[in-house]
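Remember, it's 1-based here, ligands and their atoms both numbered in the order they're listed.
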Amino acid sequence: MNLLDKIDKNSLPKHIAVIMDGNGRWAKEHGRPRVFGHKNGVKAVRETTEACAELGVEYLTLYAFSTENWNRPRMEVNALMTLLVETLRKEISTLNKNNIRLKAIGDLEKLPPKTYKALLEGIENTKNNTHMTLILALNYSSKWEILDAVKKIAKKVADDEITPDEIKEADFVSALSTAGIPDPELLIRTSGENRISNFLLWQIAYSELYFSPVFWPDFRKAQLYEAIIDFQQRERRFGKISEQIS
Ligand code: FPP
């Protein structure tokens with residue numbers, strides 16, 4: 001039985017989130033500069049997106065650039081921003097062909113103007129697609145997002161739109177940059193690192209975590225299938241006991 005046949009198509013995660021990690025170490029292993037790893041990471045982005053679309057996963061979120069990544073050497077940051085613009089421009093027609101809608105989360109307005117423009121164009125040009133939503137986390141961090149949500153709600157309180165006692169979980173959820181997007185059931189991190197690194201902290205409260213040893217540029221459909229098969233073997237109890245689930 002091949003890996004794909006082992007996947008139960010009736011209990012797929014609706015939303016998969018991925019911390020794409022290991023580009024730099026992959027490049028080092030190949031004796032090449034870090035940027036070479038990022039360029040090869042785009043192949044894994046393409047494969048993972050295609051695999052999710054083929055399976056019927058409805059949302060795929062990729063952690064492409066964190067608020068902390070600005071601290072990397074300027075040359076690497078510039079190369080990543082250029083790669084993003086190139087990839088966005090090149091892949092929009094493929095997204096449209098496959099009926100995939102592009103979205104982004106993060107402090108987007110602080111991206112370099114060219115990156116921000118290419119991103120907005122990609123979002124606008126794919127906004128009517130309905131098969132799958134690809135969400136890029138760019139200039140994103142969970143602490144930024146949570147603080148931003150708190151500020152939005154504090155403003156409503158200051159404007160007398162709501163009292164502190166009236167604030168409900170749903171109000172907080174709709175102030176997050178993921179408003180309208182269901183929480184991921186499965187979070188994958190590549191490269192053998194077992195960390196969350198400031199990614200979707202609120203949204204992964206009940207997500208299953210899967211750590212793949214593979215560096216991101218080597219991540220292919222087979223590795224995604226393995227993660228989904230592993231996910232499907234787990235019992236998700238949401239605080240209940242086993243007997244209540246079955
Ligand atoms: C992490 O590896 C990777 C990133 C911070 C960037 C990911 C970007 C891409 C794959 C390219 C473009 C993406 C899209 C969505 C078009 P790392 O550099 O932290 O690797 P290391 O931990 O081995 O140093």
Side-chain angles (χ1 to χ4, degrees), residues 16-53 57 59-96 98 100-108 111-112 114-123 125-126 132-142 144 187-200 211-221 223-224:
I16 298 179
V18 186
I19 302 175
M20 309 182 286
D21 195 14
N23 292 354
R25 279 163 285 161
W26 183 90
K28 198 171 183 186
E29 258 188 17
H30 288 75
R32 303 291 297 269
R34 294 178 56 82
V35 175
F36 184 68
H38 297 315
K39 285 190 176 153
N40 280 274
V42 176
K43 289 182 195 161
V45 168
R46 217 177 282 129
E47 276 245 347
T48 306
T49 308
E50 190 177 284
C52 285
V57 172
Y59 297 87
L60 171 66
T61 300
L62 302 175
Y63 202 2
F65 196 87
S66 77
T67 53
E68 288 84 18
N69 284 153
W70 297 111
N71 298 322
R72 293 191 174 199
R74 183 191 285 259
M75 205 186 79
E76 182 173 345
V77 171
N78 290 346
L80 266 170
M81 289 300 145
T82 306
L83 185 61
L84 272 165
V85 175
E86 279 171 14
T87 311
L88 283 165
R89 298 231 163 99
K90 209 166 3 163
E91 301 295 340
I92 291 307
S93 57
T94 316
L95 291 180
N96 277 329
N98 291 283
I100 299 170
R101 173 173 67 144
L102 182 71
K103 265 177 148 323
I105 54 169
D107 197 358
L108 306 175
L111 287 167
K114 271 190 190 161
T115 313
Y116 185 51
K117 186 166 174 274
L119 185 66
L120 290 190
E121 279 169 11
I123 293 170
N125 291 339
T126 61
M132 189 179 102
T133 304
L134 171 65
I135 303 145
L136 298 184
L138 284 166
N139 196 19
Y140 175 89
S141 81
S142 225
W144 163 81
L187 171 71
I188 300 171
R189 183 178 188 141
T190 60
S191 89
E193 302 286 0
N194 299 348
R195 278 193 300 279
I196 302 302
S197 301
N198 217 346
F199 190 45
L200 301 176
F211 298 101
S212 166
V214 163
F215 289 146
W216 178 247
D218 284 335
F219 197 84
R220 291 291 177 269
K221 288 184 185 179
Q223 282 72 36
L224 180 81

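For G24, a nitrogen or oxygen atom sits less than 3.5 Å from a nitrogen or oxygen atom of ligand 1, counting backbone and side chain alike. Distances between N or O atoms of N69 and those of ligand 1 include no value under 3.5 Å. For the pair D21 and ligand 1, the shortest N or O to N or O distance falls below 3.5 Å.
The single protein non-hydrogen atom nearest to atom 12 (C) of ligand 1 is V42 CG2, 4.0 Å, given as residue, atom name and distance. Closest to atom 14 (C) of ligand 1 among all protein heavy atoms lies L84 CD2, 4.0 Å. Atom 6 (C) of ligand 1 has A64 O, 3.4 Å as its closest protein atom, hydrogens excluded (heavy atom only). Of the protein's non-hydrogen atoms, V45 CG2, 4.1 Å is the one closest to atom 13 (C) of ligand 1. For atom 10 (C) of ligand 1, the closest heavy atom belonging to the protein is N23 ND2, 3.6 Å. Looking only at heavy atoms of the protein, atom 1 (C) of ligand 1 is closest to M20 O, 3.0 Å.
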Step by step, would you call S197 with R189 a side chain to side chain donor-acceptor pair (under 3.5 Å)? CA-CA 10 Å; S197 301; R189 183 178 188 141; 2.8 Å; yes
Run the salt bridge (charged side-chain N to carboxylate O under 4.0 Å, His left out) check on R25 and E29 step by step: do they pass? CA-CA 6 Å; R25 279 163 285 161; E29 258 188 17; over 6 Å; no
Between L88 and L136, is the side-chain contact (heavy atoms from CB on, under 4.5 Å) condition met? List the steps. CA-CA 11 Å; L88 283 165; L136 298 184; 4.1 Å; yes
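Under the 4.0 Å criterion applied to side-chain N and carboxylate O atoms, E50 and R46 are not assigned as salt-bridge partners.
Using cut-offs of 30° and 60° on the angle between ring planes, the pair F199 and Y140 is perpendicular. Relative ring orientation between F219 and W216 is described as parallel, the plane-to-plane angle staying below 30° on a 0-90° scale split at 30° and 60°.
The option with the heavy atom closest to atom 16 (C) of ligand 1, from among L138, T49, L88, T87, is T87. Remark: among candidates R72, R34, R46, E68, the nearest residue to atom 19 (O) of ligand 1 is R72, based on non-hydrogen atoms.
The closest donor-acceptor contact from the side chain of T126 to the backbone of L102 lies under 3.5 Å. With N71 contributing its side chain and E68 its backbone, the two residues share a donor-acceptor pair below 3.5 Å. In this structure a side-chain-to-backbone donor-acceptor pair under 3.5 Å is missing from D107 to N139.
For ligand 1 and L136, the ligand atoms under 4.0 Å from any heavy atom of the residue are 15 (C). Annotation for ligand 1: atoms under 4.0 Å from non-hydrogen atoms of R25 are 21 (P), 22 (O), 23 (O).
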